[in-house]
Participant: 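Mind looking over this structure? Questions follow.
Sequence positions, counted from 1, serve as the residue numbers for this chain.
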Amino acid sequence: MLPRLLLLICAPLCEPAELLLIASPSHPTEGSPVTLTCKMPFLQSSDAQFQFCFFRDTRALGPGWSSSPKLQIAAMWKEDTGSYWCEAQTMASKVLRSRRSQINVYRVPVADVSLETQPPGGQVMEGDRLVLICSVAMGTGDITFLWYKGVVGLNLQSKTQRSLTAEYEIPSARESDAEQYYCVAENGYGPSPSGLVSITVRIPVSRPVLMLRAPRAQAAVEDVLELHCEALRGSPPILYWFYHEDITLGSRSAPSGGGASFNLSLTAEHSGNYSCEANNGLGAQRSEAVTLNFTVPTGARSNHLTSGVVEGLLSTLGPATVALLFCYGLKRKIGRRSARDPLRSLPSPLPQEFTYLNSPTPGQLQPIYENVNVVSGDEVYSLAYYNQPEQESVAAETLGTHMEDKVSLDIYSRLRKANITDVDYEDAM
């Protein structure tokens, strides 16, 4: 009787104690690890043969039954919030169960949202890849990222992922993509926007167009010619260069884009081809050549013509020029003044008329007189020429006389410009 009574009294004391479930940490945040321990108070040595299993709500966790009283959970998330307990099974298949413990997983709101670009700085070449990277410094769980274009907020794309960063890609940037952008991130605690980021799409200049503008329909010497060069596409600032026959005239800048003008005062040498070049640092483009032909005034043209004829005669006549100079010096010596008289310039020649006469009789010579110069007072010195029997000889001699005076006067004019006096010239003769 006594042994049975002792057994009834000791039986409750000899059975294994109640199981306890311990979570560490007890209030985890999303993404953090948690360790679950199934603990038996006053565990006896025979308890080492127990098998353990952990549960959340109605679902077993981990590998199922195991000899380890602990279970490691690498990361807890919001959806892992629930009721947890553990069980222990003896070798005799007796199962012990712990009380349920509520574990709440806390989410960290997103904070410090920022938007970055690739390539950095917000500048991209037309046609290149552009990436908008939205990031959060803090935040747990599934984060929804949204990208917006413009201040009014045109939604471009949204992504939900368990990450602190997300990307929006524009495969080939176009001119219309140049705008302000921002992104928004949220994980259930309200949206958090980033700041605005400006995107600039750099566009190389197109081939410029050159226009010439004159004050009249037919440009002339001394007119002001406007050269206007404009590239229809290209990111500012744009630098324009202006050329005449590949010789640089000057440059103009267009800080805000568009065209630029260069003014040129025309001279006789400015006929020819004009062109311009545009460059904004992304490559230069040259315009097509524009040809300008304009009117040269008659006076200027005749002066050029006379000078050219005289120079041609001087280079062609050769020895004959020396003889003409000698004749001119002889004339000057005849009319030279006294050394006491002031030196005066050569008076303008009197009007001349050249007459070609045919002799009525072949053997008769017809004199023709030509006033050469009024030298001093009322004295007039003249030269007499005689016609040859044939008309061709008369014409040739008369033309030669005219050329003598023409060349002599031109040479004298040049000597005067060189500050050579009459005396010096006569001594040279």
Side-chain angles (χ1 to χ4, degrees), residues 121-128 173-180 198-312 314-315 410 413-414 416-419:
Q123 292 197 357
V124 60
M125 285 283 292
E126 185 180 36
D128 287 356
R174 297 176 297 177
E175 186 176 5
S176 58
D177 294 324
E179 185 55 274
Q180 290 183 317
S198 296
I199 299 297
T200 302
V201 180
R202 299 283 289 159
I203 303 173
V205 293
S206 60
R207 190 174 190 181
V209 177
L210 177 64
M211 292 181 292
L212 305 183
R213 299 170 180 169
R216 66 186 82 191
Q218 181 65 40
V221 171
E222 297 183 356
D223 282 351
V224 175
L225 178 70
E226 178 187 358
L227 289 77
H228 183 79
C229 188
E230 183 171 0
L232 299 181
R233 297 187 75 246
S235 300
I238 302 175
L239 181 63
Y240 292 96
W241 290 89
F242 298 86
Y243 301 92
H244 172 237
E245 301 292 356
D246 293 330
I247 298 175
T248 303
L249 297 174
S251 64
R252 294 291 184 270
S253 178
S256 303
S261 295
F262 182 86
N263 292 331
L264 178 67
S265 182
L266 293 177
T267 65
E269 292 77 18
H270 282 148
S271 288
N273 295 324
Y274 291 82
S275 61
C276 69
E277 182 181 273
N279 193 341
N280 65 348
L282 305 176
Q285 291 286 344
R286 192 78 170 259
S287 72
E288 293 184 358
V290 178
T291 302
L292 174 67
N293 294 316
F294 57 88
T295 303
V296 177
T298 306
R301 184 179 303 171
S302 62
N303 290 338
H304 287 294
L305 179 60
T306 302
S307 178
V309 170
V310 172
E311 291 176 0
L314 289 174
S315 61
D410 186 75
S413 176
R414 295 191 180 191
R416 292 290 291 171
K417 290 183 179 178
N419 294 324

Participant: Which atom names give the shortest non-hydrogen contact between Q285 and V205, and what distance separates them?
Facilitator: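 Result for this residue pair: CG-O, 3.4 Å.
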
Participant: Out of curiosity, F242 CZ to C276 SG, how far, rounded to the nearest 0.5 Å?
Facilitator: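 Reported value, rounded in 0.5 Å steps: 6.0 Å.
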
Participant: Checking S261 side chain against E226 main chain: does a donor-acceptor pair fall under 3.5 Å?
Facilitator: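 Answer holds: no.
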
Participant: Give the minimum heavy-atom separation between I238 and A278, together with the two atoms involved.
Facilitator: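 Heavy atoms only, the tightest pair is CG2-CB, 4.1 Å.
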
Participant: Say whether, by atom type as modelled, one donor and one acceptor occur between the side chain of S287 and the main chain of P208 under 3.5 angstrom.
Facilitator: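 Here the side-chain-to-backbone pair does not exist.
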
Participant: Between M125 and V201, what is the shortest heavy-atom contact and its length?
Facilitator: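 For M125 and V201, the tightest heavy-atom pair comes out as C-CG1, 4.5 Å.
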
Participant: Is E230 reaching over with its side chain to a backbone N or O of G257, donor-acceptor style, under 3.5 angstrom?
Facilitator: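 Not a single qualifying donor-acceptor pair exists.
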
Participant: Under the criterion side chain to side chain contact (heavy atoms under 4.5 Å, CB included), I'd like the reasoning laid out for E288 against R207: C-alpha separation, chi angles, the key distance, then a yes or no.
Facilitator: CA-CA 9 Å; E288 293 184 358; R207 190 174 190 181; 3.2 Å; yes

Participant: Please name the residue in the list T248, L249, N279 that meets the side-chain contact (heavy atoms from CB on, under 4.5 Å) test with W241.
Facilitator: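 Testing W241 for a side-chain contact (heavy atoms from CB on, under 4.5 Å) against T248, L249, N279 leaves exactly one candidate, T248.
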
Participant: Do you know the tightest heavy-atom contact between E126 and P204?
Facilitator: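 Where E126 meets P204 most closely, the heavy atoms are OE1-CD, 4.4 Å.
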
Participant: Kindly compute the distance separating OG1 (T200) from CD (E175), expressed to the nearest 0.5 Å.
Facilitator: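 Going from OG1 on T200 over to CD on E175, the span is 11.5 Å.
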
Participant: Tell me, with the steps shown, if L210 and L227 meet side chain to side chain contact (heavy atoms under 4.5 Å, CB included).
Facilitator: CA-CA 7 Å; L210 177 64; L227 289 77; 4.2 Å; yes

Participant: Rounded at 0.5 Å granularity, tell me how far CZ in R252 sits from CG in L239.
Facilitator: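 Answer rounded to 0.5 Å: 10.5 Å.
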
Participant: Considering all heavy atoms of both residues, which atom of A289 and which atom of S275 are nearest to each other, and what is their separation?
Facilitator: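 Heavy atoms of A289 and S275 come nearest at CA-CB, 4.4 Å.
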
Participant: Please confirm whether the backbone N or O of V209 pairs with a side-chain atom of H228, one donor and one acceptor, at under 3.5 Å?
Facilitator: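 Not confirmed, H228 side chain does not pair with V209 backbone.
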
Participant: To the nearest 0.5 Å, what is the distance between CG (D223) and CZ (R213)?
Facilitator: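 These two atoms lie 16.0 Å from each other.
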
Participant: Whether the side chain of Y243 engages the backbone of N273 through a donor-acceptor N/O pair (distance < 3.5 Å, no angle test) should be reported.
Facilitator: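 Here the side-chain-to-backbone pair does not exist.
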
Participant: How far does CG of D246 sit from CZ of R286, to the nearest 0.5 angstrom?
Facilitator: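 Result: 5.5 Å between the selected atoms.
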
Participant: Is there side-chain contact between H270 and L225, with heavy atoms separated by less than 4.5 Å?
Facilitator: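 Counting from C-beta outward, H270 and L225 never come under 4.5 Å.
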
Participant: At what distance, to the nearest 0.5 angstrom, does CD of E245 lie from CD of E269?
Facilitator: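 Result: 12.5 Å between the selected atoms.
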
Participant: Taking all heavy atoms of Y240 and all of C229, pick out the closest pair and write down the distance.
Facilitator: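 Minimum heavy-atom separation between Y240 and C229: CD2-SG, 3.5 Å.
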
Participant: For D177 and V124, run side chain to side chain contact (heavy atoms under 4.5 Å, CB included): C-alpha distance rounded to whole Å, both residues' side-chain angles, the deciding distance at 0.1 Å, then the answer.
Facilitator: CA-CA 10 Å; D177 294 324; V124 60; over 6 Å; no

